[in-house]
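All ligand and atom numbering here is 1-based and tracks the order in the structure.
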Amino acid sequence: MNVFSKATARLMGATALLALSSLSATAQTYPNKAITLVVPFAAGGPTDLVARLLGATMTRSLGQPVVVENRAGAGGTVATNYIAKAAPDGYTFLIHHNGMATAPSLYRKLPFNPLTDFEYVSQVIDVPMTLIGRKDLPPNDFKELVAYLRANGNKINLAHAGLGAVSHLCSVLFRQAIGVELTTIPFSGTGPAMNALLGGQVDLMCDQTTGTTPQIKAGNVKLYGVTTSARLKTMPEAPTLAEQGLTGFQMVVWHGVYAPKGTPKVALDRFGAALTAALKDPSVVTKLNELGSVIPPDDKLTPAGLQTWLQQETQRYAPVIKAAGQFAD
Ligand code: ASP
């Protein structure tokens, strides 16, 4: 062995040792730096709100900051693609909603496969949606709204968060159900879309109660109905869209937490345990319940609970989206 190969061998040995020690450090000391929780929409929207609430609670239990990073674009698929390709080191996670199940049907060329390219951590929260309008939109209830849209359809602007967002899906199903074409305006998230609605730049939006409840309660927007089969405890005066004649139009937004494929099990387990604990924290539960949402049962707060649900939802949405005829490359 010459000097060069001796040095190389020593270096390789040192590298192997280093790799070994960083592996065991993961097992013993994870997390030892900040963890990024990616939100696939702009700040200020419902997904962002849930991520920040959970992130703050998890920061306390994990002893390292859980930092929310907004990576908006293409209805959530930009962030999802980012996670599919991110280093599986246990320091990058994604929170996403039904969009994970609808994207394969909506996009002809999706650069990732939600069913195979991720690690599944847990379901998170189930949230109803509301159909809301700007405060001074003339119709005062759902019946008046439908008549108004039939008369003025192409002049009405409906805001959403891009193809793949639940606000978009809700608007597609709504337009299909009432048989009216509206002008749709994509935003990077329903946080910015809400600002446009409050500012009167757009007319209508369908969004999660986690985003809309405060504005509805403050009387800043008009509420035309909720998308659940039963009325909500948080706003019992609000009729469901179903009871106002829009049958077969029920939507609950579910959320899940994902990690890049190959993320060490120790990180998945520890992050998952902190997430479950945050979802049982009384102040978190109270806050989320006040915003109309519910924490799923324990069997859904598991990797298998999320993975099985995602598979079922992917299958369920495929024919619905095909019938709605909305696709993108
Ligand atoms: N509510 C959004 C959606 O329509 C996204 C967001 O949280 O901004 O999917």
Side-chain angles (χ1 to χ4, degrees), residues 37-55 68-83 93-107 114 123-133 157-175 182 184-198 202-216 221 223 226-228 249-258 287-288 291-293 310 313 317 320-321 324 326 328:
L37 179 57
V38 172
V39 167
F41 299 101
T47 318
D48 181 68
L49 178 138
V50 172
R52 285 178 198 274
L53 186 62
L54 294 171
V68 170
E69 189 178 302
N70 301 85
R71 284 184 172 261
T77 55
V78 166
T80 313
N81 188 40
Y82 169 78
I83 295 294
F93 290 83
L94 169 77
I95 180 166
H96 200 356
H97 58 35
N98 310 40
M100 201 71 171
T102 59
S105 300
L106 289 167
Y107 286 84
Q123 284 192 46
V124 178
I125 181 179
D126 293 337
V127 194
M129 296 191 93
T130 48
L131 180 63
I132 55 172
N157 293 325
L158 188 146
H160 63 80
L163 195 74
V166 284
S167 48
H168 178 265
L169 184 66
C170 183
S171 75
V172 168
L173 299 177
F174 172 63
R175 282 180 285 149
L182 307 170
T184 59
I185 309 208
F187 286 80
S188 56
T190 46
M194 176 64 92
N195 289 338
L197 194 72
L198 295 172
V202 294
D203 304 305
L204 273 181
M205 178 167 74
C206 195
D207 200 22
Q208 288 110 297
T209 55
T210 31
T212 61
T213 301
Q215 302 300 351
I216 293 168
V221 293
L223 173 63
V226 297
T227 64
T228 39
F249 180 80
Q250 273 137 22
M251 271 189 85
V252 172
V253 184
W254 54 270
H255 298 73
V257 166
Y258 306 82
K287 173 85 182 146
L288 291 174
L291 295 173
S293 54
L310 177 66
E313 285 286 278
Y317 274 122
V320 177
I321 291 167
Q326 297 276 323

Query raised in the report: Roughly how far, to the nearest 0.5 Å, is the CG atom of L131 from the CZ atom of F174?
Result: 5.0 Å
Query raised in the report: Applying salt bridge (charged side-chain N to carboxylate O under 4.0 Å, His left out), which residue pairs with at least one partner in residues 157-167 are found, sequence neighbours left out?
Result: none
Which N or O atoms of ligand 1 sit under 3.5 Å from a protein N or O, and how far apart is each pair?
| from | atom 1 | to | atom 2 | distance (Å) |
| --- | --- | --- | --- | --- |
| ligand 1 | 1 (N) | T190 | OG1 | 2.9 |
| ligand 1 | 1 (N) | D207 | OD1 | 2.8 |
| ligand 1 | 1 (N) | Q208 | OE1 | 2.5 |
| ligand 1 | 4 (O) | S167 | N | 2.9 |
| ligand 1 | 4 (O) | S167 | OG | 2.5 |
| ligand 1 | 7 (O) | T47 | N | 3.0 |
| ligand 1 | 7 (O) | T47 | OG1 | 2.6 |
| ligand 1 | 8 (O) | T190 | N | 2.9 |
| ligand 1 | 8 (O) | T190 | OG1 | 3.2 |
| ligand 1 | 9 (O) | H97 | NE2 | 2.6 |
| ligand 1 | 9 (O) | V166 | N | 3.0 |

Requested in this report: Just grab all the side chain to side chain donor-acceptor pair (under 3.5 Å) pairs involving residues 184-193, residues at least two apart or on different chains.
Outcome: T190-D207
Requested in this report: Could you check E313, H97, H96 and say which one makes a side-chain hydrogen bond (donor to acceptor under 3.5 Å, both in side chains) with W254?
Outcome: E313
Query raised in the report: Checking N81 side chain against T77 main chain: does a donor-acceptor pair fall under 3.5 Å?
Result: no
Requested in this report: Check side chain to side chain contact (heavy atoms under 4.5 Å, CB included) between L53 and all other residues, then give those that pass, not counting sequence neighbours.
Outcome: V284, K287, L288
